[in-house]
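Below is one structure, written out as structure tokens, with a few remarks after it.
For this chain, numbers begin at 1 and follow the sequence in order.
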Amino acid sequence: MASQQQVYAPPGPAARASSSLGLSFLSYVPTGPRARIFGSLWIFGLLSMLLLPAPFKVNESDMKQYNLLSESADVETLDSFSQARNALIRAENALYDVEVFFWRFRSPYNKLVPKRRRDRDLALRAFKDIEAVRNKKLAKARAKLGLWSDFGVTEARTSFWKSFESGKVFATRQSFWDGFFALLSGAARDESMVEFLIRWFMMGISNFTIGMIMAVCIFCWRLPSLIASFDAGYLSGTFFFAVCAVGAVAVVVTYLLLLTGAAAGTVYVAAKTAGVGNLRLGGGRRQRPAFVRYHHHQQ
């Protein structure tokens with residue numbers, strides 16, 4: 001009988017990818033003063049965004065003053081604000097009626113559109129002026145509550161979680177379409193199911209990283225208007241912005257680390273499971289023990 005031997009195929013790209021990914025996470029542990037500083041900021045950001053209460057609580061006196069000032073601002077500006085808004089709506093509707101296709105080359109629209117655009121711009125400018133006056137009065141009322149009160153902190157956290165959810169929705173939708181088009185591409189036909197899932201996990205991590213960066217940018221873009229709505233001072237507003245930005249970055253980094261760790265664990269388990277198939281028997285036959293081969297040779 002011909003000798004039979006066991007053939008071991010080297011690990012495929014899935015196993016190598018999982019091994020390198022696991023080593024990169026397990027071997028890199030930052031140390032030194034910079035790591036301690038970043039670690040302290042990270043913990044402080046998580047606590048400030050998730051657990052720590054607001055530095056100040058609104059008492060009944062401040063709440064009464066806020067209600068009086070806000071009602072006064074509404075009474076003083078409600079009529080003019082409503083009139084300006086209605087005038088803007090009428091101007092936009094009038095412009096919409098004449099802004100037809102190829103209006104530049106059709107009479108009388110080529111004369112009506114420029115005039116109604118000017119009317120719309122004037123109405124928009126008047127509306128913005130009245131809105132600025134109204135917002136300024138409301139900011140003075142909200143200043144009685146305080147930017148660092150539970151109202152200000154809660155509003156900042158609500159704004160962050162809205163941005164966070166929008167980033168998650170973007171990443172989820174993008175990952176779905178990436179996987180869908182990857183299935184339709186010709187490259188997916190040359191991959192095993194495990195290799196395809198690994199590639200899809202990597203695309204998902206990339207999409208969630210982009211989505212979370214977008215969420216932090218959107219949140220930081222909205223923060224100045226939120227700070228201005230409380231009529232906060234320059235130093236107080238700057239420090240509030242810094243604390244909120246650190247907290248947002250800390251939450252996003254924690255979320256991405258947990259997501260990447262879960263994906264790396266899934267990839268590792270899938271690659272180990274697929275690696276069992278790399279141990280194949282040559283020609284489908286099992287290898288005899290050494291003493292059996294020796295005895296067979298002697299006969």
Side-chain angles (χ1 to χ4, degrees), residues 37-78 80-82 84-85 127-171 211-258:
I37 292 174
F38 283 116
S40 301
L41 289 176
W42 178 43
I43 295 174
F44 171 74
L46 286 177
L47 293 176
S48 62
M49 187 60 72
L50 300 177
L51 298 177
L52 291 180
F56 304 102
K57 290 188 175 295
V58 178
N59 52 38
E60 294 183 0
S61 175
D62 293 336
M63 182 60 68
K64 288 181 180 179
Q65 291 183 4
Y66 166 73
N67 291 331
L68 289 175
L69 290 176
S70 60
E71 290 175 1
S72 175
D74 288 336
V75 170
E76 293 176 2
T77 61
L78 182 60
S80 58
F81 182 80
S82 299
R85 183 180 57 187
F127 174 75
K128 286 185 175 181
D129 292 341
I130 295 176
E131 186 181 32
V133 173
R134 183 172 183 271
N135 290 337
K136 189 174 182 179
K137 292 180 179 293
L138 291 176
K140 289 183 178 180
R142 289 161 68 91
K144 297 298 181 179
L145 302 177
L147 178 63
W148 294 91
S149 66
D150 46 0
F151 279 85
V153 172
T154 301
E155 191 165 346
R157 288 173 175 171
T158 302
S159 177
F160 168 72
W161 290 117
K162 287 181 179 179
S163 303
F164 185 85
E165 287 298 323
S166 65
K168 282 177 59 178
V169 169
F170 164 81
M212 291 299 103
I213 292 175
M214 290 174 53
V216 173
C217 293
I218 293 172
F219 173 64
C220 292
W221 177 263
R222 293 173 177 172
L223 267 179
S225 61
L226 188 147
I227 294 172
S229 68
F230 282 88
D231 198 21
Y234 177 76
L235 291 178
S236 177
T238 303
F239 188 63
F240 187 84
F241 182 92
V243 171
C244 290
V246 170
V249 172
V251 172
V252 165
V253 169
T254 304
Y255 177 78
L256 290 177
L257 287 176
L258 292 175

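- Looking at heavy atoms from C-beta onward, L138 lies in side-chain contact with D74 at the 4.5 angstrom threshold.
- Of the possible polar contacts, none joining the S236 side chain to the A232 backbone as a donor-acceptor pair under 3.5 Å is found.
- The line from OG of S163 to CE of M212 is 10.0 Å long, rounded to the nearest 0.5 Å.
- To the nearest 0.5 Å, atoms NZ (K144) and NZ (K64) are separated by 15.0 Å.
- Between F44 and V243, the closest side-chain pair of non-hydrogen atoms falls below 4.5 Å.
- Residue-environment remark: CZ (F81) exceeds the threshold of 12 foreign heavy atoms within 6.0 Å.
- The structure places CG of L226 at 6.5 Å from OG of S159, a figure rounded to the nearest 0.5 Å.
- Interatomic distance, W221 CH2 to M214 CE, rounded to the nearest 0.5 Å: 14.0 Å.
- Checking each of R142, M63, K57 against F151 for a side chain to side chain contact (heavy atoms under 4.5 Å, CB included) leaves exactly one that passes, namely M63.
- Annotation: side chain of C244 is in contact with side chain of F219 (closest heavy-atom distance under 4.5 Å).
- At least one side-chain heavy atom of D62 sits less than 4.5 Å from a side-chain heavy atom of N59.
- For the ring pair (Phe, Tyr, Trp, His ring centres under 6.0 Å) test, residues two or more places apart in sequence or in another chain that qualify with W148 are F239, F240.
- Side chains of V58 and Y66 form no contact here, defined as non-hydrogen atoms less than 4.5 Å apart.
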